[in-house]
Each structure stands twice: as structure tokens, then as C-alpha cells.
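Naming: A, B, ... by sequence-line order, numbering from 1 per chain.
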There are 2 protein chains.
Amino acid sequence: MVTATRNTSDRKQEIVDVAVKLFLKRGVAQTSMRDLAKAIGVTTGSLYHHFRSKDEIIDFVVQRGAKSVDRLMEFRRNLGNVSPTEALRECLNYWLRHIHAARNYSVFWVREAHLIARSMYLQPIQKTTQDFINFFTDLINEGVKDGEFEVTNPALVAFNIWALAQEWGLRKWVRNMFTIDEFIEQQTGFIIKQISPGRVQANRMPYELGVNE
Amino acid sequence: MVTATRNTSDRKQEIVDVAVKLFLKRGVAQTSMRDLAKAIGVTTGSLYHHFRSKDEIIDFVVQRGAKSVDRLMEFRRNLGNVSPTEALRECLNYWLRHIHAARNYSVFWVREAHLIARSMYLQPIQKTTQDFINFFTDLINEGVKDGEFEVTNPALVAFNIWALAQEWGLRKWVRNMFTIDEFIEQQTGFIIKQISPGRVQANRMPYELGVNE
DNA sequence: GTCTATATAAGGATAGAC
DNA sequence: GTCTATCCTTATATAGAC
């Protein structure tokens with residue numbers, strides 16, 4: 001460090017960045033203000049100059065993550081008037097890349113939503129999740145109306161997208177198994193195939209359970 | 001309570017059961033021995049009579065969860081010589097019902113694997129996950145050999161099964177959206193459709209990305 | 001087997017010097 | 001803006017009585 005003092009917003013940013021890294025690695029509860037200070041190379045006193053409490057740091061991170069679905073919606077609007085299939089492809093690509101690139105910021109707070117359960121954090125987290133499910137449900141419903149998709153329960157597909165994105169962000173072992181490009185390409189293929197019209201004839205169909213019936 | 005003292009193994013069981021409930025609800029780190037004692041209606045001194053440490057309680061729970069994949073494999077062996085499609089259907093049904101019924105026991109430690117990261121817990125957790133992925137990968141590969149399935153990357157399908165089961169167990173909001181029966185039936189349909197041979201012709205196929213290519 | 005009381009450590013937060 | 005020093009609370013864990 002060259003100067004004894006620094007720009008406030010720089011330091012604030014640094015605190016948040018390092019905090020997120022530690023939160024993701026060890027969990028929010030297991031990351032103490034002392035740990036955080038040590039990782040940055042300052043003392044706790046300094047931390048409390050920039051943030052009034054640990055909660056305020058957490059809140060800062062949560063608020064940032066909560067904006068991600070808004071950006072997804074904006075992305076979809078900017079696509080303009082494309083077919084539902086193309087919109088779905090593009091949005092899947094956008095979202096999975098977003099989760100991959102920003103996994104430090106976007107994932108930990110979903111994992112820990114219940115652990116840091118206070119209304120202050122829970123409300124934006126629940127809203128974000130709900131917005132996400134609604135967004136993809138609507139998108140798939142458009143395709144159903146156009147006849148491009150055929151699916152009984154669009155919300156379940158939306159849930160599946162949510163689930164696979166979350167797990168991709170959370171689990172390092174998955175990211176070691178596939179590249180992000182493979183992952184996106186094949187998952188997109190799977191999702192599209194799931195909801196494409198036309199029954200796929202399996203060699204046997206031994207049960208009364210029909211597909212999507 | 002009728003008697004002042006109780007059977008040791010009963011109490012041990014009770015401690016573990018209540019501990020798991022609290023772990024799932026609030027997280028391991030946020031569950032103190034005081035909380036646990038209070039929830040059971042004893043004092044911490046009593047807890048330490050049955051377990052030498054909090055870690056020993058956690059370990060007990062983790063070990064129990066680690067057995068679940070072994071039972072899945074046993075279930076599959078007992079199915080005998082059925083077609084891969086039927087085996088997949090049955091195993092999916094078995095696993096999702098297991099996760100649903102035992103979600104308190106089977107899910108929390110996967111969520112918190114990184115948070116309680118010590119080699120002592122991590123090793124069985126990683127092994128369990130790996131066994132699970134390998135199990136479904138093998139099962140799908142059988143079907144590919146028989147021509148019942150057609151898929152480039154069976155491990156990715158196995159991952160998807162893992163992901164949707166995990167999220168089902170972890171997220172109450174999903175369980176409010178669907179019944180477990182709906183969930184199993186439709187997810188099974190999705191998975192089978194994903195890996196069934198034959199291209200589904202979408203109305204448009206605007207990209208160079210082929211399905212499973 | 002369970003209790004009370006307490007040792008010991010760790011974490012959040014603050015006061016005040018520089 | 002950062003430091004040192006410290007308060008206060010909570011947590012794990014133990015000792016010893018009943």
C-alpha cells in the first residue's frame with residue numbers, strides 16, 4: 001500500500017469483494033469480522049468505519065444479487081420480437097453465463113437464504129427467485145401459445161432451469177466435469193427437447209404414466 | 001416426561017433428530033448446543049454426556065446420510081433384469097421419494113458441505129455425490145448401449161437428476177408449487193424425453209447448435 | 001443421566017488516539 | 001481512514017453435585 005489512507009468507496013468495494021469471497025468459501029456465519037479484516041489487511045476498527053455492522057455488509061451483497069433478474073428481463077426486452085424458441089435459447093445462454101461469471105456474487109446468498117434468515121434479507125431473495133420462475137414460465141407459455149412448445153407445467157421447466165443454474169454455480173465438481181460452453185449448449189438442448197412438441201417414442205413405455213399427461 | 005432418566009440410545013436418537021431439524025432450519029453454525037438443549041428440554045451438560053462435542057453430533061448425521069446412495073444401488077440390484085428405461089423410471093421414483101421423505105436427513109449436509117468444511121465431513125459427502133453421479137451415468141449408458149437412449153453426455157443427465165432432487169429437498173417454495181407425485185411423474189417424463197432417441201422437430205431451429213451434437 | 005455453575009474462547013461492536 | 005485496546009455477549013466445553 002502506498003498511501004496511508006484511501007478513497008472510501010474503493011475500500012468499501014474491497015471490503016464487499018473480499019467478504020463475498022469468504023462468505024462463499026466458508027459461509028456467512030463462519031466468516032468473522034476479524035477474518036475479514038485480516039484477509040484485507042486492516043483491523044476491525046477500520047471495517048466499522050465503512051460499515052455500521054456485519055449485517056450491513058451482508059445486506060449490501062444481497063441487494064446487488066437481487067438486481068440480476070431485472071437485468072435478465074431487460075436482456076429479453078432488448079431481444080425484440082424473436083421466436084419463443086430463440087428467446088429461450090438466448091435467455092438460457094444469458095442466465096447461465098451470468099451465473100457462471102458472477103457466481104461469487106449471485107449464488108452464495110441463495111444457498112444461505114435460510115441460514116441468514118431475517119426478513120431484511122429474505123424478502124429480496126424470495127422476490128428474486130419468484131421473478132425468475134415467473135419470467136421463464138411466461139416465456140415458455142408464449143411458446144405454448146405459438147405452438148412451438150408443448151408442456152403441461154411450464155413452471156416446472158422454469159424450476160429446472162433455476163435448479164441447474166444454482167447447482168452449477170454452487171458446485172465446483174460440476175464445473176470440473178464440463179466447460180461452461182458445453183454445459184450451456186447441452187443444457188439448452190435438453191430444455192428445448194423437453195418442451196418440444198411431439199412424443200418421443202421410447203422402445204418401451206411400460207407404465208401408465210404418460211409423458212406430460 | 002415420566003421417568004427422570006431414560007434409555008441412553010433413545011436420548012441419543014432424540015438429540016440427533018432434533019439437531020437435524022434445527023440444522024436444516026437455521027444452519028449448523030447458527031444452532032448452538034444451548035439451542036439444541038433447550039429444544040429437547042435438557043441442559044447442555046446432558047448433551048455432553050451423550051456426545052463428546054458438537055462435531056460428533058454433526059458427524060453422526062453425515063454418516064447416516066452417506067448411506068442413502070448405497071440403498072439406491074441395492075434397490076436397483078433388486079429390480080433385476082429390467083429394461084434401462086424401466087430401471088431409470090424406478091430409480092428416479094425411488095430417489096425422489098427418498099429425498100422427499102428423508103429431506104431433513106439427506107439434504108442439509110449437502111447444502112452445508114462447504115460451510116462445515118472439514119475433511120472429516122467432506123470426504124463422505126464427496127464420495128456420496130460421486131457415487132450418485134456414477135450410478136445414474138452407468139444406468140443411462142446401459143440404455144445407450146441397448147439403443148433405448150441417445151445422449152452425448154450421460155453424466156450431465158445424472159447431474160440434472162441430482163440437481164433437481166437437491167433443490168426439491170431444499171426449497172419449500174417448490175414443494176408448495178407441486179405435489180411430490182406430480183413432481184416425480186413429470187420430472188421422470190422430462191428426463192426420459194431428454195435422452196430418448198429421435199430428434200424432436202421444433203418449428204424453428206434458428207441456431208447452429210444442434211441438440212446433443 | 002441430568003443438573004448447576006463456570007472455565008475458556010471467539011465474535012460483534014465501540015472509544016479514543018493518531 | 002486506520003489503529004490499539006477493550007467491552008459485552010454468546011458459544012463450546014468441563015467439573016462436580018445430585
Inset, instruction - Let me know the distance between CD1 of A:I40 and C1' of D:dC3, rounded to the nearest Å. - result: 15 Å
Inset, instruction - Please work out which of the three classes, parallel, tilted or perpendicular, describes the rings of A:H98 and A:Y94, given edges at 30° and 60°. - result: parallel
Inset, instruction - Please determine if a side-chain N or O atom of B:H50 lies less than 4.0 Å away from the OP1 or OP2 oxygen of C:dT2. - result: yes
Inset, instruction - Report yes if at least one side-chain N or O of A:T43 is closer than 4.0 Å to OP1 or OP2 of D:dC3; otherwise report no. - result: yes
Legend entry - A:W95 ring center within less than 6.0 Å of A:W168 ring center: no
Inset, instruction - Using atom CD1 of A:I57 as one end and atom C1' of C:dG11 as the other, report the distance to the nearest whole Å. - result: 14 Å
Inset, instruction - Using atom NZ of A:K38 as one end and atom C1' of D:dT2 as the other, report the distance to the nearest whole Å. - result: 18 Å
Inset, instruction - Mark up nucleotides 11-18 of chain D, 5' to 3', with B wherever a protein heavy atom is under 4.0 angstrom from a base atom, S wherever such an atom reaches only the sugar-phosphate, and - elsewhere. - result: BBBB----
Legend entry - Atom of B:L47, atom of B:V42 and distance for their closest heavy-atom approach: CD2-CG2, 4.2 Å
Inset, instruction - Report yes if some heavy atom in the side chain of A:N160 is under 4.5 Å from a heavy atom in the side chain of A:F190; otherwise report no. - result: no
Inset, instruction - Look at the rings of A:F159 and B:W173 and say which category their plane angle falls in: under 30° parallel, 30 to 60° tilted, over 60° perpendicular. - result: perpendicular
Inset, instruction - Would you check if A:R26 and A:D35 make a side-chain contact, meaning some heavy-atom pair closer than 4.5 Å? - result: yes
